[in-house]
Peer 1: 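Structure below; questions to follow.
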Amino acid sequence: MDIPSRYEPAKAEDKWYSYWMRHGFFRSVPDEREPYTIVIPPPNVTGVLHMGHMLNNTIQDVLIRRARMQGRNACWVPGTDHASIATEARVVSMLKSRGIEKKDLSREEFLEHAWEWTHKHGGIILEQLKKLGASCDWERTLFTMDAERYESVIRVFVDLYNKGLVYRGVRMVNWDPQAQTAVSDEEVYFTEEDSLLYYVKYKIVGWNDYVTVATTRPETILGDTAVCANPADERYRHLRGRKVIVPMVNREVPFIFDDYVDMEFGTGCLKITPAHDINDYEIGLRHGLQSIDIFNDDGTLNQNAELFVGADRFAARDLAEAELKKGNSLVRVLPYKNKIGRSERTHAVIEPRLSTQWFLKMKDISRPALDAVTGGDIQLYPSKFKNLYRHWMENVHDWCISRQLWWGHRIPAWYFNDGEFVVAPSEEEALEMAREKSGNRNLTAQDLRQDEDVLDTWFSSWLWPITSFDGINQPDNPDLKYYYPTNDLITAPEILFFWVARMIIAGFEYQGEKPFHNVYLTGLVRDQQRRKMSKSLGNSPEPLDLIAKFGADGVRVGMLLCSPAGNDLLYDDSLPEQGRNFANKIWNAFRLVKSWTVGADEAQPASSALAVKWMREAIGQGIAQIDSDFRRFRISEALMTVYKLFWDDFSGWYLEIVKPEYGKPVDRASYDASISFFDTLLRLIHPFMPFISEEIWQLLDERKDGESIMVSRMPEPGKFSRELISGFETVKETVTAIRSLRKERNIPSGEKIMLFARPAGTFAGEEFFPVIIRLCNLADLAKVDSRQEDAVSFMVGTTEFYVPLGGKIDIEGEIARIREDLRYHRGFLESVMKKLNNERFVQNAPSPVLDLERKKKSDAEQKIKSLEERLRGLGDQGESLVTK
RNA sequence: GGGCGAUUAGCUCAGUUGGUUCAGAGCAUAUGCCUUACAAGCAUAGGGUCGGGGGUUCGACUCCCUCAUCGCCCA
C-alpha cells in the first residue's frame, strides 16, 4: 500500500464533513434516549470567526461528540445574535461610506438597510464553524430576531411589565452630543487630558462671607442645586443649615454634607449639579435635590440655563469664566489633568445626562438564580467564579433594558394623550387598552406613538436556552420538555453576569427550572505579550488560514492543549503546530500497522504477547483517567491523557515491541490486537480530532456506507490492573537505564550485550524480561544471586542490574557514580529516620503513613547495603566504612 | 474606593481531605542519531528555596497572618 508519510488534512476534512451531513449524523429529534443538549453562545450575526470562537466551539464540539458516542441523543443548537449595538454601528458606518447619514433616514428605511446587511453577512460565521468540524444540528439554526424569538421577547417584556417588574425610571446615561445618542459604558473610553480647575466663590446667605468651590466645569454652575462638604470637615461645620447663592444666576441653594466629598480635593467643598454628573446625581437623590438639565441634545445650552442659551457647552465655559470674573466670583484658575470620557464612535466628549429608561427589578427575580449556584444545583467550572457570582447577585442592581437604537426588539409601549402609555404585545391591543384607559373610544392608531427605543441585546439572549426550543410561545412543546434544561454551557467569564446569570434568572422565572447544569468558563485568548486579541491590534491570526495551514484537527488540539478552564490562553503558532504533529504521528502509526502482512503460521513472540497484555491494561487506565477528567471538566487534561496514551504508550512502547523486523510477517494475534487497540484509541481521539480519526477509522477495516466513527460507541471505563502497569513502569525504567548506559559508554545499539538481574525480594517487572530483551537488544537476561565482577551496575527499585563489560570498566568513574548514589540514599535515610525517631510523629501519624516510612527505611537500607558492597568490590575501602 | 482571584521549571499549567523518592506534565532547551512508520521523528540529559517574611503542626506547595507584585469585576 502506498500511503504518503505526511498526513494531508484538507481533502479528508471536506470529504468527511459532507459525509456526516449527508447521513444526518448531526440531526437530533426527541426519542427514548437520554438527551445531551448544548445551546451555542450565539455569535454576532454579522461577525466573523475569531480565536475566542475557535476555542469556545471546539470545546462544545468535543463535549457534544463525546456525548453522542456515549449513546446519548446529542443536540447542539446553533444560532446568531442580532447584537444591536455592534450591528447598528456597522450598518451606520457602512451607510456613511455610501454618503448616507442615519439621521436622514426614517426608522423603516434604516431597518431595511440593516436587514439587507444581515442577510448578506449573516451566517458567514456559521459556515466557518463547519470548517472547524462543529457538529451542530444545522436544521435548528436560530436568530435572536427571527419571528419566533422576536415574539418571545415581546411576550416576556409585556409579562414582566404586567407583573410589576418592569418600570420606567430616570438614569444617568453617556450622551454623545455629536451622534445625539446615548452610548453604552463599553463604548466610552477615557483619556487623561489637560484642563483647568476653576476656584469659584459662592456667597453665604445672610452672612457677609463666601465658600470657595473648585470645579472643572464652570458652565454647569448654571445647573447647581447645592454645595456640599464632608460632614467630618471642621472647616465647614459652621455652615450646617445655611444656604448659599449660586453665582451668575443668583439662585439660593442649600449647603449640605455628604461622605462622598473628598476633603483633600480642591477646597474640600463641592458644587452639586445632579443633572450632569453621576456622583452629583446620587448625592442629589440622597438629599432630595432638584435636577436642572441645562443642555440640549446637541450640547448647546437650553432655556433652563438662563444664561448663554444656544451657546455650545465649550463656548459656554469661556463665557462663564468671563462672567464669573466680572462678578468678582472667580478666585483663581489652575492647570489640571483629568480623565475625560469620549465616545468611541465620534470621539466627542461624553456628556452625562439624565434620561428616562426602562428598568427591570432584579432583587426578587434573581433570588432563585443565586441559590441555584451557591447551593450547587448549577456548577461553575472553575469553581472560583462562584464567589464572584454570589457577590454580584447579592448586590444586583436593577437592569436598564432600553437602548436608544433602532436595530433590535422595539419596546412594546405606546404613548398617547400627554405622557400616558400602555404596554401591549401589539398595536391593536395597545389601542384597545389606550381607549379603555383614557375612556376615549375615539382614539385611533394615529393617536398612539410607539416607544422609539429597543431592548438591550441581552434581553433577548437571556431567554436563549428557552427560546431555542420555542418555549415562551409554546410552553409545553415536546422539544422543550425533552431538551430543557440543557446540560452544559460553554462561555467566557467576561459575560458571566451579562448573560449567564440572567439566563439562570429567566430559566427560573419562565420554566421554574435552571437552564443548564454546568457552566464551563473558558479563558481569554491572548497573544504572547498577554494582549487581548483584537482586530484593531491586528494580533489575531485568521482562523481559516490556520485551519488551512495546520488542519482543523491540529488547530483544535492547539486550542485545547493549553486552555485549562478559566485560564487565559496565550496563543502562539507552536500550538496548532503541536496539534498537527500529533495528527501526523497518528497517521504514521497507521502507516506502520497497515504495512504489516500477517503470516498464517507465525508464532507470537513472548515479548509481543506481554506487550499486548500490558497495552490492554494501559488503555484501560487511560479510559478511566479520561472519564474522570471529563467528569471534572478538565478537557485539556483529558486530551493530554489521550495524547500520551497514543504517542508514548502505544507508539513509543507497544508498537516498538510488537513491530516485526523489516519485510517479515507479523503473527495473527499481535496484528489483531494492534488493530483493535488502534480502533479503541481512535474512538478516544475522535471528539478532539474528528477528521483524522474518521479518515483512519474508515481505512482500518472494511466499512459500509453510512458507518462512521462519530456514531460508534465510546469505550467505557472498566477494571484494569495497576500492579501490571506499575510492573511495566519498572521495565521502562530499566530500558531507559540500559539505553543511557549504552550512550555513555558508546556501545552501539546493534551490539548485543548481556544483562544480569539480582533482585532483593521481587522485581516488579520480572514477568516482562522478554520485553527488556527485545527492546534493548540483549543476548540474554539472567537472574543471579550474587554480585557480578567486571560489570557496570545500576539499580531499579531494589533490584541491581549488571552489564558485564570485561576489562573495559572505568573503575574511578564507577566509584564516583556509586558514591554519589550512596550520598543521596544516606541523606534520604537520614530524613526518614528523623521522622521515625520522633516520638510525636510515631504517635500521631496515621498507620499507613507510618508503614510507608518504615518501608522507605528498609528499602533505603537495602540499597545502601548493596551500594556499599559494590564499592568494596571495586576496592574502595575507605568510603564504605563510613556509615552513619 | 469596594470585591474576587492569582504568584510552582525558560513558557503555559497540574498538584484532589496537610503525609508515597512529591516537587510533576506538555512545550521549549542541550547532546547524539536521516536506526526502511513518522526529522512534523527517535534516544538521552539538564532545568524549580513552590513570590518574600512570620505562624500553626510530629510534618506545609497545601492551613492562618502579613508584605510585595499582577490580573479581573463593580464603582
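Letters A, B, ... mirror the listed sequences (proteins, then strands); counts begin at 1.
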Peer 1: Rounded to whole Å, please give me the gap between CG in A:Asp398 and P in B:A75.
Peer 2: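 Between P of B:A75 and CG of A:Asp398: 13 Å.
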
Peer 1: Has A:Gln843 got more than 12 heavy atoms of other residues, nucleotides or ligands less than 6.0 Å from its CD?
Peer 2: yes

Peer 1: I want to know whether A:Tyr381 and A:Tyr520 have ring centres closer than 6.0 Å.
Peer 2: no

Peer 1: For A:Asp679 and A:Trp697, test the side chains for any donor-to-acceptor distance below 3.5 angstrom and give the result as yes or no.
Peer 2: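 Yes, because at least one side-chain N or O of A:Asp679 sits under 3.5 Å from a partner of the opposite role on A:Trp697.
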
Peer 1: Tell which nucleotide pairs with B:G41, taking only Watson-Crick or G-U wobble pairs whose two distances are both under 3.5 angstrom.
Peer 2: B:C33

Peer 1: From C-beta outward on A:Met640, which listed nucleotide comes closest to its side chain: B:U44, B:G15, B:A25?
Peer 2: B:A25

Peer 1: For the pair A:Glu13 (side chain) and A:Ala552 (backbone), establish whether a donor and an acceptor sit closer than 3.5 Å, ignoring hydrogens and angles.
Peer 2: yes

Peer 1: Expressed as a whole number of Å, how far does the P atom of B:G15 sit from that of B:C74?
Peer 2: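 My reading of the P atoms in B:G15 and B:C74 gives 28 Å.
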
Peer 1: Judged by each residue's nearest nucleotide on RNA chain B, which is more toward the 5′ side, A:His825 or A:Asn279?
Peer 2: A:His825

Peer 1: Which base sits across from B:G24 as a Watson-Crick or G-U pair, both distances under 3.5 Å?
Peer 2: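 Checking every strand shown, B:G24 finds its partner in B:C13, with both distances under 3.5 Å.
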
Peer 1: For the C1' atoms, the ones on B:G48 and on B:U12, what distance do you get once it is rounded to whole angstrom?
Peer 2: 15 Å

Peer 1: Between B:U69 and B:A75, how far is it from one P atom to the other, in whole Å?
Peer 2: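 The answer is 26 Å between these two P atoms.
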
Peer 1: Within the side chain of A:Arg580, is there an N or O that forms a donor-acceptor pair under 3.5 Å with the backbone of A:Pro576?
Peer 2: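 Not a single qualifying donor-acceptor pair exists.
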
Peer 1: Considering residues, nucleotides and ligands other than A:Arg722, do more than 12 of their heavy atoms fall under 6.0 Å from its CZ?
Peer 2: no

Peer 1: Counting side-chain heavy atoms from CB outward, which of B:U36, B:A45, B:U31 is closest to A:Tyr662?
Peer 2: B:U36

Peer 1: State, yes or no, whether a side-chain contact exists between A:Leu388 and A:Phe497 at a heavy-atom distance under 4.5 Å.
Peer 2: yes

Peer 1: Can you tell me, in whole Å, how much space there is between the P of B:C73 and that of B:C11?
Peer 2: 25 Å

Peer 1: Applying a 4.0 Å non-hydrogen cut-off, can you work out what A:Tyr643 is touching in the nucleic acid: base, sugar-phosphate, or nothing?
Peer 2: sugar-phosphate

Peer 1: In whole angstrom, what separates A:Lys732's NZ from B:U44's C1'?
Peer 2: 16 Å

Peer 1: Would you say that more than 12 heavy atoms from the other residues, nucleotides or ligands in this model lie under 6.0 Å from the NZ of A:Lys386, or not?
Peer 2: yes

Peer 1: Send over the distance from A:Arg739 CZ to B:U35 P, rounded to a whole Å.
Peer 2: 16 Å

Peer 1: Contact class for A:Glu494 (heavy atom, under 4.0 Å): base, sugar-phosphate, or nothing?
Peer 2: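 The residue A:Glu494 makes no contact with any strand.
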
Peer 1: On a whole-Å scale, what distance lies between the C1' atoms belonging to B:G46 and B:A6?
Peer 2: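 Per the computed distance, 29 Å lies between those C1' atoms.
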
Peer 1: Check the distance between B:C11's C1' and A:Leu575's CG and give it to me in whole angstrom.
Peer 2: 10 Å

Peer 1: Please compare A:His391 and A:Gln578 by the position of their nearest nucleotide in RNA chain B and report the one closer to 5'.
Peer 2: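 So the residue in question is A:His391.
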
Peer 1: Would you tabulate the nitrogen or oxygen pairs shorter than 3.5 Å linking the protein to nucleotides 16-20 of chain B?
Peer 2:
| unit_1 | atom_1 | unit_2 | atom_2 | d |
| --- | --- | --- | --- | --- |
| B:U20 | O3' | A:Lys856 | NZ | 3.3 |

Peer 1: Should A:Phe590 and A:Trp587 be marked as a ring-ring contact (aromatic ring centres under 6.0 Å, His included) after you check the CA-CA gap, both sets of side-chain angles, and the distance that decides it?
Peer 2: CA-CA 5 Å; A:Phe590 167 68; A:Trp587 183 249; 5.8 Å; yes

Peer 1: For the backbone of A:Thr736 and the side chain of A:Ser740, can you confirm whether one donor and one acceptor N or O come within less than 3.5 Å of each other?
Peer 2: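 Not confirmed, A:Ser740 side chain does not pair with A:Thr736 backbone.
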
Peer 1: Rounded to the nearest Å, what distance is computed from the CG atom of residue A:Asn387 to the C1' atom of nucleotide B:C72?
Peer 2: 14 Å

Peer 1: Can you tell me the base-pairing partner of B:U7? Count Watson-Crick or G-U wobble geometry only, both distances below 3.5 Å, and say none if there is no partner.
Peer 2: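 Because both required distances fall under 3.5 Å, B:U7 counts as paired with B:A68.
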
Peer 1: Distance check needed: B:U12 P versus A:Ile635 CD1, whole Å only.
Peer 2: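 Going from A:Ile635 (CD1) to B:U12 (P), I get 22 Å.
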
Peer 1: Could you tell me whether B:G24 is syn or anti, where syn means a glycosidic angle within 90 degrees of zero?
Peer 2: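 Because its glycosidic torsion lies more than 90° from 0, B:G24 adopts the anti conformation.
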
Peer 1: Between A:Gln625 and A:Asp629, does any side-chain donor sit less than 3.5 Å from a side-chain acceptor?
Peer 2: yes

Peer 1: Using the C1' atoms only, state how far B:A28 lies from B:G47, rounded to an integer number of Å.
Peer 2: 11 Å

Peer 1: Using whole Å, what does the distance between atom C1' of nucleotide B:G5 and atom CG of A:Leu380 come to?
Peer 2: 14 Å

Peer 1: Is B:G1 paired to anything, Watson-Crick or G-U wobble with both distances less than 3.5 Å, and if yes, which nucleotide?
Peer 2: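 WC or wobble partner is B:C74.
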
Peer 1: What is the separation between atom CG on A:Leu655 and atom P on B:G41, rounded to the nearest whole Å?
Peer 2: 16 Å

Peer 1: For atom P, what is the distance between B:A60 and B:A23, given to the nearest Å?
Peer 2: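 Those two atoms are separated by 13 Å.
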
Peer 1: Between B:A39 and B:A45, how many Å separate the two P atoms, rounded to a whole number?
Peer 2: 24 Å

Peer 1: Can you check nucleotides 38-40 of chain B for protein contacts, nitrogen or oxygen pairs under 3.5 Å, and list what you find?
Peer 2:
| unit_1 | atom_1 | unit_2 | atom_2 | d |
| --- | --- | --- | --- | --- |
| B:C38 | O4' | A:Asn588 | OD1 | 2.9 |
| B:C38 | O4' | A:Asn588 | ND2 | 3.4 |
| B:C38 | O2' | A:Asn584 | ND2 | 3.3 |
| B:C38 | O2' | A:Asn588 | ND2 | 3.3 |
| B:C38 | O2 | A:Lys585 | NZ | 2.9 |
| B:C38 | N3 | A:Lys585 | NZ | 2.8 |
| B:A40 | OP1 | A:Arg6 | NH2 | 2.7 |
| B:A40 | O4' | A:Asn581 | OD1 | 3.0 |
| B:A40 | O2' | A:Asn584 | ND2 | 3.0 |
| B:A40 | N7 | A:Arg6 | NE | 3.0 |
| B:A40 | N7 | A:Arg6 | NH1 | 2.6 |
| B:A40 | N7 | A:Arg6 | NH2 | 3.2 |
| B:A40 | N6 | A:Arg6 | NH1 | 3.4 |
| B:A40 | N3 | A:Arg580 | NE | 3.2 |

